[in-house]
Protein chains: 2
Amino acid sequence: MKKTSLSDIAKALGVSKTLVSLVLNNRGDEVGINKDTQKKVIKMARKMNYKPNMVARGLRLGASKTIGLIIPNIGNLFYARIARVIEDEAGKYGYRVMSASSDENPEKEVGLIKVLMERQIDGLILASSLKDRTEIINLRKEKVPFVLIDRYFPQMKTNYVIVDNYHASYNVVTHLINQGFRKIGLLKITPSYLTPIRSRFEGYRDALHDHGIRFDKRLVKEIPFGGISNAMEQALPELLFKPVSADALFFLNNDLTVTGLGIINKLGLRIPQDVAIISFDDLKLFQLLYPPVTAVAQPWQEMAKEAVRVLMQEIKSPGTIKEKSQVILPARLEVRKSCSKF
Amino acid sequence: MKKTSLSDIAKALGVSKTLVSLVLNNRGDEVGINKDTQKKVIKMARKMNYKPNMVARGLRLGASKTIGLIIPNIGNLFYARIARVIEDEAGKYGYRVMSASSDENPEKEVGLIKVLMERQIDGLILASSLKDRTEIINLRKEKVPFVLIDRYFPQMKTNYVIVDNYHASYNVVTHLINQGFRKIGLLKITPSYLTPIRSRFEGYRDALHDHGIRFDKRLVKEIPFGGISNAMEQALPELLFKPVSADALFFLNNDLTVTGLGIINKLGLRIPQDVAIISFDDLKLFQLLYPPVTAVAQPWQEMAKEAVRVLMQEIKSPGTIKEKSQVILPARLEVRKSCSKF
DNA sequence: TTGAAAGCGCTAACAA
DNA sequence: TTGTTAGCGCTTTCAA
């Protein structure tokens with residue numbers, strides 16, 4: 001038993017497809033179709049359990065009512081929450097979302113973009129791990145409406161919604177310095193060309209500089225996305241013991257913090273007496289750790305909402321808006337006990 | 001500048017669409033198309049930046065190469081991780097996934113099923129919040145291949161991949177009893193008709209019974225999905241203080257545990273001296289809490305993998321397999337210090 | 001107030 | 001070795 005189509009209904013009723021289509025799209029009155037005919041059509045549609053084929057509709061209309069979402073990893077709570085909000089917001093406009101994880105892998109990301117484009121997405125929200133912007137320039141050439149989130153390309157005029165990483169990081173480091181810490185280790189996720197990572201690094205560097213503390217590159221470690229555990233097992237002792245002897249650690253994402261806390265625990269070090277801790281990206285459980293972990297709470301909800309808003313605007317009036325929407329959201333430092341001296 | 005289609009290439013080359021289609025689908029040799037012609041076609045396709053329109057292809061072929069995933073909330077790490085694995089696994093077969101969150105709301109879920117069906121998904125993975133199976137019976141009538149995960153319908157012969165909730169829960173409670181706890185509070189998420197919740201409850205009840213402990217319904221609290229915080233603020237004091245005075249709490253999902261821990265903390269109670277804690281569903285940070293939280297680690301990875309495997313099998317040979325795949329995976333109890341009397 | 005026909009981009013049967 | 005034609009299910013002119 002095949003699915004019923006418009007013409008099945010039309011045939012059953014001895015009318016035309018057009019008529020059925022019109023009625024079922026609530027354009028019956030507008031066009032002036034007999035009320036009774038309308039009733040008949042609707043009744044028959046229900047009786048035959050008709051479900052419109054949105055794919056066919058999309059093909060005809062040239063719009064799939066689907067947006068793509070590419071993020072590093074939907075299995076990371078930061079992005080999972082964003083995905084959730086995007087799903088809800090896009091849903092309000094009748095859009096569904098197809099999401100895909102890039103694993104911070106540029107080649108994979110390029111592949112995903114291609115796949116999603118082939119599936120005729122009407123727009124794309126992208127937390128890109130791309131190194132250079134050529135791929136983004138391509139995107140623009142293809143005329144897909146898109147919005148960058150979390151990461152952007154400073155040299156390019158695109159839509160984006162990001163967090164003010166520089167100041168958030170600057171504030172973190174300033175706070176640590178004010179608390180009396182001087183040897184602040186920084187744990188970056190790679191690839192380190194990602195704009196949030198770079199901005200956070202610059203905030204770190206400038207805050208040190210502005211407080212007269214010399215930058216020591218031994219305090220900065222890069223941790224590859226694909227092998228966090230191993231890299232951290234090696235990096236943390238190097239940072240925490242002689243000769244480097246960091247007295248504070250600043251983790252640049254939630255995975256790093258969680259893994260880092262585990263290792264610090266195993267090493268038998270006390271927080272904050274032996275080492276202070278601050279995390280970029282906040283998790284609920286951070287409040288319940290002993291001691292509670294200070295963290296930068298990112299405005300993920302606003303970011304997702306704004307991204308959808310901007311994308312919908314771009315989809316509605318493609319190209320007409322000359323100035324791109326560029327949104328920079330502040331992050332909040334949640335000071336807890338993991339970074340207080342004494 | 002519109003996108004290039006097959007016929008654009010055909011026109012540019014003065015050949016037929018068929019030819020182009022055949023070549024681009026790597027069926028050139030099979031059919032026996034001139035090597036040179038093939039080269040020309042491929043070159044022109046590249047030159048014109050051709051991207052196949054999978055929607056049109058899907059319409060023609062009657063297969064979208066898309067599967068739907070409906071879960072309670074992709075913003076919950078348990079489901080986010082599952083979604084990630086499903087994405088990866090389905091990708092291996094050339095499928096993309098469209099996910100949607102039901103918020104444990106049956107009406108919303110029915111709506112989502114409809115929307116996804118309209119979008120011509122080839123299959124559905126469903127962590128259902130439906131109360132009765134009529135909707136699932138409909139699904140079967142529609143002939144969409146589907147697999148239930150996490151939750152199932154005992155009276156129905158469907159594909160499903162679930163966790164052995166009953167025994168996991170039985171083991172938890174037995175462990176608590178062996179540790180000397182007697183007044184074990186149970187915090188269920190609603191709707192409580194969900195099979196995992198029911199099975200866990202039954203495991204709880206039977207374990208108590210088998211150890212000669214009387215079931216006390218005052219020890220069981222239902223927490224609505226939509227208002228966890230408020231409900232817990234009220235429920236926990238009722239459980240923990242007189243006259244009920246629970247000496248242990250068993251939380252039936254990670255949200256409950258996280259919220260619960262926060263409240264216990266605020267109440268100034270010590271774990272496990274004042275109250276022991278066990279969580280259904282494990283989180284990395286549970287190991288780092290003070291004390292570390294005992295938890296049931298669910299095999300989410302296997303569950304997701306199996307679900308995709310079964311679904312792909314069902315899609316490939318629809319209806320031919322008479323016996324449905326029913327997979328029940330064991331869960332592991334990770335004993336930590338939050339539930340030891342010592 | 002309704003219908004016929006074209007066409008979105010693709011593939012498959014059949015012909016040449 | 002290649003082309004013609006039909007049709008997936010839908011909407012939209014245009015005509016009646």
- Item | For the student: nearest non-hydrogen atoms of Met312(A) and Ile67(A), plus distance | CE-CG2, 4.3 Å
- Message: Strictly below 4.0 Å: does Asn25(A) bring a side-chain N or O up to OP1 or OP2 of dT11(D)?
- Response: yes
- Message: Side chains of Asn159(B) and Glu314(B) only: does a donor on one sit below 3.5 Å from an acceptor on the other?
- Response: yes
- Message: Starting the side chain at C-beta, find the nucleotide from dT2(C), dC8(C), dC10(C) nearest to Arg60(A).
- Response: dC8(C)
- Item | Leu19(A) side-chain proximity, nearest of dT11(D), dG3(C), dT2(D) | dG3(C)
- Message: Whether Glu104(A) and Arg151(A) form a salt bridge (side-chain N of Lys/Arg under 4.0 Å from carboxylate O of Asp/Glu) is what I want to check.
- Response: yes
- Cationic N near anionic O, under 4.0 Å, Asp88(B) to Arg84(B): yes
- Query: Without hydrogens or angle criteria, can the side chains of Gln120(A) and Thr66(A) be said to hold a donor-acceptor pair below 3.5 Å?
  - Reply: no
- Phosphate contact (dT11(C) OP1 or OP2) by Arg57(B) side-chain N/O below 4.0 Å: yes
- Query: If only side-chain N and O atoms of Ser21(A) are considered, is one of them under 4.0 Å from the OP1 or OP2 phosphate oxygen of dT11(D)?
  - Reply: yes
- Query: In terms of side-chain heavy atoms of Leu59(A), which of dC8(C), dT2(C), dC10(C) is nearest?
  - Reply: dC8(C)
- Message: If you assign each of Arg27(B) and Ala56(B) to its closest nucleotide in DNA chain C, which residue comes earlier from the 5' end?
- Response: Ala56(B)
- Query: For DNA chain D, whose closest nucleotide is more 5', that of Leu22(B) or that of Ser5(A)?
  - Reply: Leu22(B)
- Among the candidates dT11(C), dT2(C), dT2(D), find the nucleotide nearest to the side-chain atoms of Leu6(B). dT11(C)
- Message: What I want to check is whether an N or O donor and acceptor connect the side chain of Thr18(B) with the base of dT4(D) at under 3.5 Å.
- Response: yes
- Side-chain contact test, heavy atoms from C-beta onward, threshold under 4.5 Å: evaluate it for Pro154(B) versus Thr195(B) and give yes or no. yes
- Side chain of Asn34(A): nearest nucleotide among dG3(C), dG9(C), dT1(C)? dT1(C)
- Task: Using five pairs at either end of the helix from dT1(C)-dA16(D) to dA16(C)-dT1(D), determine the angle between the two local helix axes and round it to 10 degrees.
- Result: 50°
- Task: Would you mind reporting whether Glu87(B) and Arg96(B) have side-chain heavy atoms less than 4.5 Å apart?
- Result: yes
